[in-house]
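Comments concern the structure below.
Proteins come first, then strands; the chains are lettered A, B, ... in the order of their sequence lines, and each starts at number 1.
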Amino acid sequence: MSELLPKTYQPTEAEQAWYQAWLDAGHFHAQPSSKAPYSILMPPPNVTGILHFGHVLNHTIQDIYIRWNRLKGAETCWFPGLDHAGIATQTKVEQQLKAEGLTRYDVGREAFIERTWAWKEKYGGIILEQLRRLGDAADWERTLFTMDASASSAVQEVFIRLFDEGLIYRGKRIINWSPVAQSALSDEEVIFREVREHLYTLRYHLADGSGTLLLSTVRPETIFADVAVAVNPSDERYAHMIGKHVTVPLCGRDVPIIADDYADPTFGTGCVKITPAHDPNDFEVGQRHGLPMPSCIEADATLNAMAGEFAGLDRFAARKAVVKKLEAMELVEKIDDYTHNVGFSERGGEAVEPFLSDQWFVRMQPLAEPALKAVADGQIRFYPEHWVKTYEHWMTNVRDWCISRQLWWGHRIPVYYAADGRLTAARSADEARAKLGLPADAVLTQDSDVLDTWFSSWLWPMTTMGWAGEPVAAMPPASKALFDYYVPTNLLVTGPDIIFFWVARMIMATLKFGERIPFRDVYFTSIIRDGKGRKLSKSLGNSPDPLDVMDKYGADAVRFTMTYLSPLGMDVRLDVDEATQDVPSMEIGRNFANKLWNAARFLQMKRDELVPEGTPAYDGDPAVLLSTADRWIRSRFASTVTSATQALDAYRITEYAKILYDFVWRDYCDWYVEVVKVQLANRDDATYRRWLLDQAFEVFEGALTLLHPVMPFISDDLWHRIYGADTSQTVGMRGLPNGLDHHVDPVVEQRFDLLQSVVESIRRQRNEMMIPPSERLPIVISAESALAAFIEEQRDVLVSFGRASELTVGTALAKPDGSVADVVRGVEVFLVVAGKVDFEKERQRLTKELERLRGQIVGIEKKLGNAGFVSGAKPEVVEGERRKLADWTATAEKLARNLESLQ
RNA sequence: GGGCAGUUAGCUCAGCUGGUUCAGAGCAUCUGCCUUACAAGCAGAGGGUCGGGGGUUCAAAUCCCUCACUGCCCACCA
């Protein structure tokens with residue numbers, strides 16, 4: 001009746017078909033309802049983004065929680081989106097233009113933006129398609145682009161409000177400048193790297209001709225903008241010079257010698273040149289002393305007219321040229337090798353230039369305070385928790401956020417300048433005129449800069465709900481309902497690298513504008529590294545395309561393997577074969593999927609073969625039919641539900657994966673299915689067989705259900721194949737198995753454990769004696785009467801698993817002639833091997849085992865002889881040790897006896 | 001300079017509130033099996049003084065101190 005399953009699982013087709021079926025059935029779309037809400041905000045991938053393994057891990061985790069909570073009956077919604085990614089996208093289009101021999105200035109701002117939109121439509125958002133291949137159960141109907149009208153409106157409103165409240169201000173400051181992007185960067189977009197350069201010690205002559213001052217610098221090309229030389233006020237060497245002037249070489253200007261604590265007497269000569277426009281520390285010195293702040297370096301990092309003959313040279317070329325000239329003038333005292341940290345653009349990799357310019361800033365401190373509290377109070381929880389410290393450190397030392405970017409692609413700053421120099425933030429020029437009290441025909445110019453991309457990202461918890469920047473109470477009813485139902489969201493899954501960029505700022509913005517926390521739990525994912533511990537990156541060639549890997553192993557296999565290998569708070573190592581771009585560890589997931597597949601195949605084959613159509617269902621008391629093994633698997637399954645739930649509740653996803661892996665593979669397949677084979681073979685009764693298989697199927701269905709969050713495709717595929725549900729249904733919505741606690745039965749588990757030990761003992765002995773499986777041998781088992789009865793009950797299983805020709809079970813049986821012996825938990829297991837026994841080997845093994853046991857007995861006796869232990873430890877622990885001693889002693893005695901009687 | 005992780009079998013890692021599965025799993029290695037669900041498999045075996053040292057405790061892989069090494073984050077003295 002059901003179609004026979006192929007021998008191995010073929011994931012690719014099944015995965016695509018099921019994803020479409022889920023979409024068709026609308027399983028991923030959610031609306032506020034009477035059910036409990038559960039929501040996750042998808043970190044919006046860049047519009048230029050391509051799927052990599054970081055996304056795979058991140059999205060697998062999110063999908064697990066979405067599907068798990070859907071299984072639990074929540075109204076789950078996963079809000080997807082796409083980030084306009086200012087610099088990255090603009091760079092793409094500029095590259096395109098470059099191929100045509102054009103720059104963005106050639107086409108002009110408006111045409112350039114149009115072109116970027118066209119690029120976005122054509123090439124952007126490929127990654128969203130790729131995420132579907134992974135299986136993301138996201139509510140795609142709610143996909144938001146950060147430059148959609150509502151989101152753009154929100155950005156504008158927020159800017160205006162912060163401006164009006166004085167939390168956004170314009171200032172001339174030293175910022176991080178990218179000469180390549182020709183734009184400012186925030187502090188977070190700069191990474192520091194150690195660089196080996198030179199420390200030049202230069203001679204500056206005193207203006208009055210009374211001597212020379214030596215000072216050290218790594219940037220001699222900036223001397224044209226020197227405005228002072230600083231010495232430490234406590235530095236006696238220079239005390240008499242304070243107030244005098246030195247002549248700056250090459251440009252002949254005289255600048256004062258000032259006293260400032262910034263100068264470190266122990267570094268170099270103790271004198272430092274002050275160049276406020278080109279160094280953040282010098283800038284502060286300049287401010288303290290009211291010094292002028294000329295710039296000698298332009299936006300493109302070339303020197304300007306202040307540098308005289310060096311004008312037009314790039315900063316690095318200029319450095320060489322300046323040093324050469326100074327050397328010729330004998331003004332270079334010495335040049336030392338010098339290793340120090342230099343800032344580089346996180347994106348482009350070029351050295352960042354400290355650059356003095358007008359920029360827009362957000363005053364962070366007032367926003368940070370409530371955000372700090374929300375985390376300190378535990379309203380928002382971090383997993384792993386240790387990131388709280390990092391968060392608190394950053395938040396308590398938070399610096400103002402430079403939000404203006406000299407780009408074209410992005411949200412334009414809604415600030416208008418009047419001819420008289422006044423300015424304001426407004427929704428339109430008309431509104432600005434009104435705010436400034438100007439007539440309708442007054443000419444205004446809008447600020448030409450755009451906002452940092454993160455200035456839209458930090459509003460994500462609100463914009464995803466349809467918020468356009470209005471006061472929460474004034475939101476349109478549909479958005480308001482969504483917002484109130486789903487925010488705070490339940491979980492955010494992201495990398496710790498964007499804790500400042502994004503997580504912290506979302507908390508600040510949502511508290512301020514949404515009047516609530518944005519999310520309750522934050523899960524920080526692991527960093528993925530290759531076998532050598534390096535981060536995966538395209539340039540290193542160790543970053544395989546996840547799509548290729550999914551094609552080879554299946555999406556479920558990739559998801560499962562990543563989950564299995566990614567402990568909370570630790571890096572993940574993924575061995576990557578650089579030659580083939582293969583990730584061999586994906587076999588873990590693939591093999592597991594295949595195991596599941598074959599377990600299902602077995603059950604289905606047996607049902608087809610042994611249960612004729614029309615076989616009546618068993619309608620008696622199931623307790624009558626349940627064997628120890630049946631009870632055991634039910635007990636194990638009930639425990640598995642509990643422990644899997646606990647693992648996911650604590651965000652221990654690796655543990656969740658391992659629990660299910662072990663249950664399916666070890667308990668269900670290795671033991672239970674093997675017992676089912678015996679039970680089927682030994683009872684020629686169709687009703688019983690039907691009942692037994694139904695029972696086996698039921699547990700399997702439960703396992704598929706628990707696995708669905710991590711392996712959605714195969715679990716649904718098998719579920720439909722076996723249980724014949726129609727495609728509009730999914731195992732992901734049948735509910736979590738519950739009310740099974742009464743199946744947990746420690747006595748049954750203990751007994752089955754003994755059975756396993758006895759079987760393992762027989763197998764071990766057979767293996768050691770090199771007896772092939774085809775050869776059946778007599779087995780004799782001797783145990784105390786209570787256990788003997790149980791072993792007798794398990795006769796069929798023991799005969800089959802132990803490949804026995806005959807089985808004798810009794811109490812106090814003597815060791816048969818020509819047998820080898822083993823003792824497990826006081827049960828003696830004799831294998832009659834007749835001529836085949838290697839007595840020497842057997843003697844060695846028994847002796848070794850006996851020695852080990854005796855050693856342990858001595859240890860435990862010592863422990864029990866310790867008065868401190870007996871009085872100090874919990875009574876049940878002491879009792880446990882006593883029982884253990886008794887068991888071991890009995891076992892040792894039997895072992896010794898068997899060793900003696902060995903011929 | 002400040003902070004946060006980590007160090008357990010050849011490799012990758014579990015081991016959570018100290019003791020009842022306490023020294024584990026997977027991979028790799030070795031042995032035997034095409035046993036009619038699965039060789040992407042089955043059955044076995046070997047392999048670790050839990051980074052070093054000290055302390056607390058009746059009891060430490062587990063708690064505390066200290067040192068060493070590895071990785072990450074923050075800061076940026078020219």
Nucleotide paired to [N] in any strand shown, Watson-Crick or G-U, under 3.5 Å:
N       : value
rG18(B) : none
rC63(B) : rG55(B)
rC30(B) : rG44(B)
rG1(B)  : rC74(B)
rC69(B) : rG6(B)

Ring-face cation contact, [Y] with [X], 6.0 Å cut, 45° max:
X         : Y         : result
Arg763(A) : Trp671(A) : yes
Lys677(A) : Phe602(A) : yes
Lys658(A) : Tyr564(A) : yes

Quiz item: Looking only at atom P, what distance separates rC16(B) and rC63(B), rounded to whole Å?
Solution: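 It works out to 8 Å between them.
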Mind checking [X] for me? I need base, sugar-phosphate or nothing, with any heavy atom below 4.0 Å counting as a touch.
X         : value
Arg882(A) : nothing
Arg573(A) : sugar-phosphate
Tyr200(A) : nothing
Tyr661(A) : nothing

Return yes if the base of [N] and the side-chain atoms of [X] contain a donor-acceptor N/O pair under 3.5 Å, otherwise no.
X         : N       : answer
Asn594(A) : rC38(B) : no
Arg652(A) : rC16(B) : yes
Glu674(A) : rA37(B) : yes

[X] side chain, from C-beta outward: closest of [options]:
X         : options                   : answer
Val218(A) : rU20(B), rA43(B), rA78(B) : rA78(B)
Lys389(A) : rC4(B), rU20(B), rC42(B)  : rC4(B)
His386(A) : rA40(B), rG19(B), rA5(B)  : rA5(B)
Lys7(A)   : rC77(B), rA39(B), rG44(B) : rA39(B)
Thr390(A) : rA37(B), rC73(B), rC72(B) : rC73(B)
His393(A) : rC74(B), rC77(B), rC72(B) : rC74(B)

Quiz prompt | Any Lys595(A) side-chain nitrogen or oxygen under 4.0 Å from OP1 or OP2 of rC42(B) | solution =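 Affirmative; the distance criterion is met.
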Quiz item: Does Trp665(A) or Met770(A) map to a spot on RNA chain B nearer the 5' end, using the closest nucleotide for each?
Solution: Met770(A)
